[in-house]
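Atom set for the values below is all heavy atoms of this structure, side chains included, hydrogens, waters and symmetry mates excluded.
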Amino acid sequence: MRLVRVGSRGRTTIPKRIREALDLLEGDVIAFNVENANLLVRKLIPEHDEILTGVGGSFCEWVSPEDEPAWRDL
């Protein structure tokens with residue numbers, strides 16, 4: 001178990017050890033879910049995940065470098 005703090009804007013950093021274990025890379029999509037007062041986070045793999053298969057290429061517009069400034073303060 002790794003402990004991290006949530007910042008004033010609700011942001012946190014996924015610890016390096018966890019990113020490496022999940023092979024999380026810049027631009028990857030992760031899903032958040034709440035179950036029994038627990039936060040679950042999982043990496044979505046486009047070729048194998050029905051959530052991403054259903055939306056097709058819609059996410060590509062959300063992860064472009066040009067969009068980063070617009071999403072930075074959300």
> Does any part of the side chain of I14, heavy atoms only, come nearer than 4.5 Å to the side chain of I30, both counted from C-beta?
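With C-beta onward as the side chain, the pair touches.
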
> Given side chains that start at C-beta, do those of D23 and K43 come closer than 4.5 Å, heavy atoms only?
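Heavy-atom side-chain distance check passes, below 4.5 Å.
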
> Got a second to check how far L25's CG is from E20's CD, nearest 0.5 Å?
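That separation rounds to 10.5 Å.
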
> Hey, quick one: are V29 and V41 part of the same hydrophobic cluster, counting side-chain heavy atoms closer than 4.5 Å, chains of contacts allowed?
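V29 does not cluster with V41.
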
> Between L39 and I18, is there shared hydrophobic-cluster membership here, with clusters defined by ILVMFWY side-chain heavy atoms closer than 4.5 Å?
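The answer is yes; both residues are in one hydrophobic cluster.
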
